[in-house]
Amino acid sequence: MADKQYDASPEKIRAVGERAAMRQKLKWEFRRQLENPNALKGEGGYVFDSAMQRFSSMKVTQYDHFRPTPKTSVIAMLSFVVPVSLLCYAFWWERNAFEKKCRAGLISYKDRNWKFV
(Lines give C-alpha, C1' and ligand atoms only; values in the text may rest on other atoms or scores of the structure.)
Protein backbone atom coordinates (compact mmCIF):
# COMPACT_ATOMS: atom_id res chain seq x y z
CA MET A 1 0.00 0.00 0.00
CA ALA A 2 2.87 2.39 0.78
CA ASP A 3 4.29 2.03 -2.72
CA LYS A 4 1.06 3.39 -4.28
CA GLN A 5 0.99 7.08 -3.43
CA TYR A 6 -1.02 8.92 -6.01
CA ASP A 7 -0.54 12.43 -4.64
CA ALA A 8 3.27 12.42 -4.88
CA SER A 9 5.49 12.24 -7.91
CA PRO A 10 8.05 9.43 -8.20
CA GLU A 11 10.87 11.94 -7.61
CA LYS A 12 9.32 13.05 -4.32
CA ILE A 13 8.81 9.46 -3.22
CA ARG A 14 12.45 8.68 -4.04
CA ALA A 15 13.62 11.80 -2.14
CA VAL A 16 11.57 10.79 0.91
CA GLY A 17 13.12 7.34 0.79
CA GLU A 18 16.63 8.80 0.56
CA ARG A 19 16.00 11.09 3.54
CA ALA A 20 14.64 8.15 5.57
CA ALA A 21 17.76 6.12 4.73
CA MET A 22 20.00 9.05 5.73
CA ARG A 23 18.15 9.40 9.05
CA GLN A 24 18.60 5.70 9.73
CA LYS A 25 22.34 5.95 9.01
CA LEU A 26 22.69 8.96 11.32
CA LYS A 27 20.74 7.21 14.09
CA TRP A 28 22.91 4.11 13.72
CA GLU A 29 26.10 6.21 13.86
CA PHE A 30 24.89 8.10 16.93
CA ARG A 31 24.02 4.87 18.76
CA ARG A 32 27.38 3.34 17.74
CA GLN A 33 29.29 6.31 19.18
CA LEU A 34 27.13 6.54 22.29
CA GLU A 35 27.39 2.86 23.20
CA ASN A 36 31.07 2.39 22.37
CA PRO A 37 32.55 0.66 25.45
CA ASN A 38 36.09 1.84 24.65
CA ALA A 39 35.27 5.54 24.17
CA LEU A 40 35.67 6.93 27.69
CA LYS A 41 36.47 4.28 30.26
CA GLY A 42 34.26 4.75 33.30
CA GLU A 43 32.93 8.17 32.32
CA GLY A 44 29.89 7.19 30.29
CA GLY A 45 29.11 7.86 26.67
CA TYR A 46 29.38 11.30 25.14
CA VAL A 47 28.78 12.21 21.52
CA PHE A 48 29.98 15.55 20.22
CA ASP A 49 27.17 17.25 18.34
CA SER A 50 28.29 20.30 16.39
CA ALA A 51 24.76 21.77 16.27
CA MET A 52 24.45 21.59 20.07
CA GLN A 53 27.89 23.15 20.42
CA ARG A 54 26.93 26.05 18.15
CA PHE A 55 23.67 26.56 20.05
CA SER A 56 25.43 26.52 23.44
CA SER A 57 28.09 28.95 22.21
CA MET A 58 25.40 31.26 20.84
CA LYS A 59 23.50 31.25 24.15
CA VAL A 60 26.67 31.99 26.16
CA THR A 61 27.81 34.89 23.97
CA GLN A 62 24.49 36.47 23.01
CA TYR A 63 24.87 39.29 25.55
CA ASP A 64 28.37 40.07 24.26
CA HIS A 65 26.82 40.82 20.87
CA PHE A 66 23.74 42.70 22.15
CA ARG A 67 23.47 46.29 20.96
CA PRO A 68 20.88 48.51 22.63
CA THR A 69 18.78 50.33 20.07
CA PRO A 70 15.51 52.27 20.23
CA LYS A 71 13.71 49.16 18.98
CA THR A 72 15.05 46.98 21.81
CA SER A 73 14.15 49.70 24.31
CA VAL A 74 10.57 49.81 23.03
CA ILE A 75 10.34 46.03 23.14
CA ALA A 76 11.58 46.02 26.75
CA MET A 77 9.07 48.70 27.70
CA LEU A 78 6.19 46.88 26.04
CA SER A 79 7.12 43.48 27.45
CA PHE A 80 7.94 44.44 31.04
CA VAL A 81 7.37 48.00 32.19
CA VAL A 82 3.93 48.59 30.63
CA PRO A 83 2.31 45.30 31.81
CA VAL A 84 3.67 45.69 35.34
CA SER A 85 2.50 49.30 35.50
CA LEU A 86 -0.96 48.37 34.24
CA LEU A 87 -1.21 45.54 36.75
CA CYS A 88 -0.16 47.82 39.61
CA TYR A 89 -2.72 50.42 38.51
CA ALA A 90 -5.46 47.77 38.33
CA PHE A 91 -4.68 46.55 41.87
CA TRP A 92 -4.57 50.14 43.15
CA TRP A 93 -7.90 51.02 41.47
CA GLU A 94 -9.61 47.86 42.76
CA ARG A 95 -8.32 48.41 46.29
CA ASN A 96 -9.46 52.06 46.28
CA ALA A 97 -12.94 51.08 45.05
CA PHE A 98 -13.16 48.47 47.83
CA GLU A 99 -12.00 51.03 50.38
CA LYS A 100 -14.63 53.56 49.22
CA LYS A 101 -17.38 50.96 49.49
CA CYS A 102 -16.24 49.97 52.98
CA ARG A 103 -16.06 53.59 54.18
CA ALA A 104 -19.48 54.37 52.71
CA GLY A 105 -20.98 51.37 54.51
CA LEU A 106 -22.02 49.51 51.36
CA ILE A 107 -20.13 46.35 52.45
CA SER A 108 -20.83 45.12 55.97
CA TYR A 109 -17.98 43.95 58.15
CA LYS A 110 -19.14 40.33 58.17
CA ASP A 111 -19.16 40.20 54.33
CA ARG A 112 -15.57 41.38 53.93
CA ASN A 113 -13.02 38.77 52.95
CA TRP A 114 -10.01 40.61 54.37
CA LYS A 115 -11.16 41.83 57.76
CA PHE A 116 -7.81 43.02 59.09
CA VAL A 117 -6.48 44.88 56.06
>> Looking at M58, I'd like to know if its CE atom is crowded, meaning that more than 12 non-hydrogen atoms belonging to other residues, nucleotides or ligands lie closer than 6.0 Å.
In response: yes
- Can you check side-chain contact (heavy atoms from CB on, under 4.5 Å) on T72 and F66, steps first, answer last? CA-CA 10 Å; T72 57; F66 175 73; 3.9 Å; yes
Taken in chain and number order and not counting sequence neighbours, the residues that satisfy salt bridge (Lys or Arg N to Asp or Glu O under 4.0 Å) with E94 are none
Cluster question for you: counting only ILVMFWY and a side-chain heavy-atom cut-off of under 4.5 Å, with indirect links fine, are V84 and V81 together? yes
Checklist entry - Does the pair K25/E29 count as a salt bridge with the N-to-O cut at 4.0 Å? => result no
Report yes if some heavy atom in the side chain of S9 is under 4.5 Å from a heavy atom in the side chain of K12; otherwise report no. yes
Residues P83 and L78: closest non-hydrogen pair is CD-O, 3.4 Å
In terms of heavy-atom contacts, D111 and I107 come closest through CB-CG2, 4.3 Å
Applying salt bridge (Lys or Arg N to Asp or Glu O under 4.0 Å) to R14 and not counting sequence neighbours gives E18
**Q.** Heavy-atom neighbours of R31 CZ exceed 12 at 6.0 Å
**A.** no
Distance col, row N96:CG vs K101:NZ, nearest 0.5 angstrom, shows 12.5 Å
Check: Side-chain heavy atoms under 4.5 angstrom apart, residues restricted to Ile, Leu, Val, Met, Phe, Trp, Tyr: same cluster for V82 and V74?
Finding: yes
So side-chain hydrogen bond (donor to acceptor under 3.5 Å, both in side chains) across residues 76-90, not counting sequence neighbours, yields none
- Task: Go through the steps to decide whether T69 and R67 satisfy the test side-chain contact (heavy atoms from CB on, under 4.5 Å), and finish with yes or no.
- Result: CA-CA 6 Å; T69 62; R67 187 182 55 179; 3.9 Å; yes
